[in-house]
Amino acid sequence: MNPIAIIILLSLILDFLIQLFADILNLKAIKTNLPSEFEGVYSKKEYKKSQNYLKTNTSFELITSAFSISITLLFWFLKGFAILDCYVREFNYGPVTTGIIYIGILILSKTILSFPFSIYKTFVIEKKFGFNKTTVKIFLTDILKGGVLAILIGIPLVGGLLAFFQYTGTNAWIYCFTALMAFALLMQIIIPSFIMPLFNKFLPLEDKELKDAIFAYADSIDFPLVNIFIMDGSKRSSKSNAFFTGIGKHKKIVLYDTLIEKHTIPELVAILAHEMGHYKKRHIIKTFAILSVQTGITFFILSICLTYQPLFDAFYVKEMSVYAGMIFFSLLFSPIDFITNIFMNILSRKHEFQADKFAAKTTRNSTALIGALKKLSVNNLSNLCPHDFYAFLNYSHPPVLKRI
């Protein structure tokens, strides 16, 4: 086993063990006594239910992760990557088409293997805890739509990246970076306008009292609000949420229908004030800029690794290729990706605190925001007291008690 293989193997195992350690700490941090901030909001029965939900999900995620890493290692050391490479080369297509087939088979195989876990998560765990509203028809239709979108969007994207690295020489990483950033911006228009409506209905908010309150607040902070949409999230889950998506005239502020059912008008205004806070604080632009730099660096390193024979030797592949190199690089890069995700979560939590502060100050009603956060936590059976190390690794939002 060459040094590259050892590095990748150790990083995969270490990543799994670190997350396992964090999960154990998180379970040990469970407190049977309800925090005083949630007295009168969380019943003891529901609080106990949230703890069982945490335990069930943790066990399930552990099994899923163990299965995933086991399959990856088994496929690797049985020379699956090399065998598949020989198989796709026998078609005698060009390097780009061969690469699309190679990557497509790997993605399809992973999707099929994860299918039983997705079924169990949706129809057993989520149903057991009262969340799942998804029918078998909706579940299968979502998969079909997702598959079609993956073909229509994924194949041109992957093919384009393969072509750049195959034919444009030493500057390939620059072309790939530029193309991917343009694609990311384009998707900010396509997703809210064309893709999201394929899965959910988005209807303009009709409640006049709520609509007037939201528009009055938006005017007070000079936020360019055109419309507010209600999404039929209840057809899949009873969980609540709100989000801001898109850019320019394609941006949308969306409320789940389940959210409106469970919150007062001041609480809903506070929730949207938080979302508008992200916009006013330029969090989306800042995050995109950081991810752009990260992507550029990643492509540069990838361009070097694509011609590094020991990387291919680590996976028993004799002939270098762009498509196999991209897959192997993603595994080699996993430790850096792990660290990067931690820093992005730190930044995200900072942004969430800033958006909370913005909402509390501009609405002059921190009580409404606190009430909204409490209800969201109860309705979604959130873990009120996660272990600090677990939250440090995994939370993009601060724990609710710290936000309060």
Side-chain angles (χ1 to χ4, degrees), residues 9-35 38 42-76 109-136 138-139 142-143 233 236-241 258 331 334-335 337-338 341-342 345 348-349 376-402:
L9 177 61
L10 290 178
S11 66
L12 290 175
I13 294 174
L14 185 62
D15 181 30
F16 175 78
L17 293 177
I18 289 174
Q19 191 57 59
L20 174 61
F21 178 65
D23 285 336
I24 293 172
L25 291 177
N26 202 39
L27 291 176
K28 287 186 175 181
I30 290 176
K31 297 179 180 179
T32 56
N33 295 328
L34 180 67
F38 279 81
Y42 230 142
S43 69
K44 290 184 178 180
K45 181 180 179 181
E46 286 297 298
Y47 183 56
K48 180 65 175 178
K49 185 179 178 181
S50 73
Q51 294 175 331
N52 290 332
Y53 186 56
L54 171 64
K55 293 174 183 177
T56 301
N57 275 320
T58 301
S59 299
F60 177 74
E61 288 164 8
L62 174 60
I63 294 170
T64 304
S65 298
F67 178 80
S68 178
I69 191 173
S70 298
I71 290 296
T72 300
L73 295 179
L74 190 65
F75 186 75
W76 176 5
S109 300
K110 183 177 181 180
T111 301
I112 292 172
L113 288 172
S114 65
F115 189 63
F117 294 96
S118 180
I119 292 174
Y120 187 84
K121 171 72 173 176
T122 302
F123 293 103
V124 178
I125 295 178
E126 294 297 294
K127 182 179 180 180
K128 177 182 177 181
F129 289 92
F131 290 127
N132 182 51
K133 304 295 180 182
T134 304
T135 63
V136 174
I138 292 175
F139 184 79
D142 283 349
I143 292 174
R236 289 184 178 82
S237 175
S238 61
K239 291 182 178 180
S240 303
N241 203 357
T258 49
L331 295 171
S334 58
D337 198 38
F338 175 79
N341 285 338
I342 290 177
N345 279 337
S348 177
R349 290 193 295 268
L376 282 169
S377 298
V378 173
N379 294 335
N380 296 337
L381 294 181
S382 302
N383 181 15
L384 302 185
C385 305
H387 191 276
D388 287 343
F389 183 63
Y390 183 89
F392 174 76
L393 289 182
N394 299 289
Y395 275 36
S396 60
H397 287 55
V400 66
L401 292 177
K402 290 187 177 181

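All residue numbers refer to positions in the sequence shown, counting from 1.
A distance of 8.5 Å separates CG in Asn33 from NZ in Lys44, rounded to the nearest 0.5 Å. To the nearest 0.5 Å, the span separating CG on Leu331 from OG on Ser11 amounts to 8.0 Å. Distance check: Ser377 OG to Glu46 CD gives 13.0 Å after rounding to the nearest 0.5 Å. The NZ atom of Lys28 sits 12.5 Å away from atom CG of Asp23, with the distance rounded to the nearest 0.5 Å. The OG atom of Ser348 sits 11.5 Å away from atom CG of Asn341, with the distance rounded to the nearest 0.5 Å. Here the CG-CG distance, from Asp15 to Leu20, works out to 11.0 Å after rounding to the nearest 0.5 Å.
Although no hydrogens or angles enter the test, the distance criterion places no donor-acceptor pair under 3.5 Å between the side chain of Thr122 and the main chain of Ile119. For the pair Thr258 (side chain) and Gly233 (backbone), a donor-acceptor distance under 3.5 Å is absent.
Across all their heavy atoms, Tyr53 and Asn380 have their closest contact at CE2-O, 4.1 Å. Taking every heavy atom of both residues into account, Ile143 and Phe115 meet most closely at CD1-CE1, 2.9 Å. Residue Lys31 comes nearest to Gln51 through the heavy atom pair O-NE2, 2.5 Å, listed as atom of the first residue, atom of the second, then distance. Considering every non-hydrogen atom in both Phe338 and Leu393, the closest pair reads CZ-CD2, 3.9 Å. When all heavy atoms are compared, the tightest approach of Ala66 to Ile69 is O-CG2, 3.3 Å. Tyr47 and Pro35 get closest at one heavy-atom pair: OH-CD, 3.8 Å.
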Take Ser118 and Phe139, measure what side-chain contact (heavy atoms from CB on, under 4.5 Å) needs, and give me the verdict at the end. CA-CA 10 Å; Ser118 180; Phe139 184 79; 3.6 Å; yes

Test Phe131 against Asn379 for side-chain contact (heavy atoms from CB on, under 4.5 Å), laying out the working first. CA-CA 9 Å; Phe131 290 127; Asn379 294 335; over 6 Å; no

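A side-chain hydrogen bond (donor to acceptor under 3.5 Å, both in side chains) check over residues 55-66, counting only residues at least two apart or in different chains, returns the pairs Asn57-Lys121.
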Counting only pairs under 3.5 Å, give me each side-chain donor-acceptor contact of residues 381-388, with atom names and distances, residues two or more places apart or in other chains.
unit_1 : atom_1 : unit_2 : atom_2 : d
Asn383 : OD1    : Cys385 : N      : 3.3
His387 : ND1    : Phe389 : N      : 3.0

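Looking at Ser50 and Tyr42, their side chains come closer than 4.5 Å, going by heavy atoms from C-beta outward. The shortest side-chain heavy-atom distance between Leu376 and Val400 does not fall under the 4.5 Å cut-off. Taking 4.5 Å as the limit, some side-chain heavy atom of Ile138 sits within range of a side-chain heavy atom of Thr134.
Taking the ring-ring contact (aromatic ring centres under 6.0 Å, His included) definition, one finds that Phe60 meets it with Tyr120, sequence neighbours left out.
Taking the six-membered ring where tryptophan is involved, the planes of Tyr395 and Tyr390 are perpendicular, since the angle between them exceeds 60° and thus also 30°.
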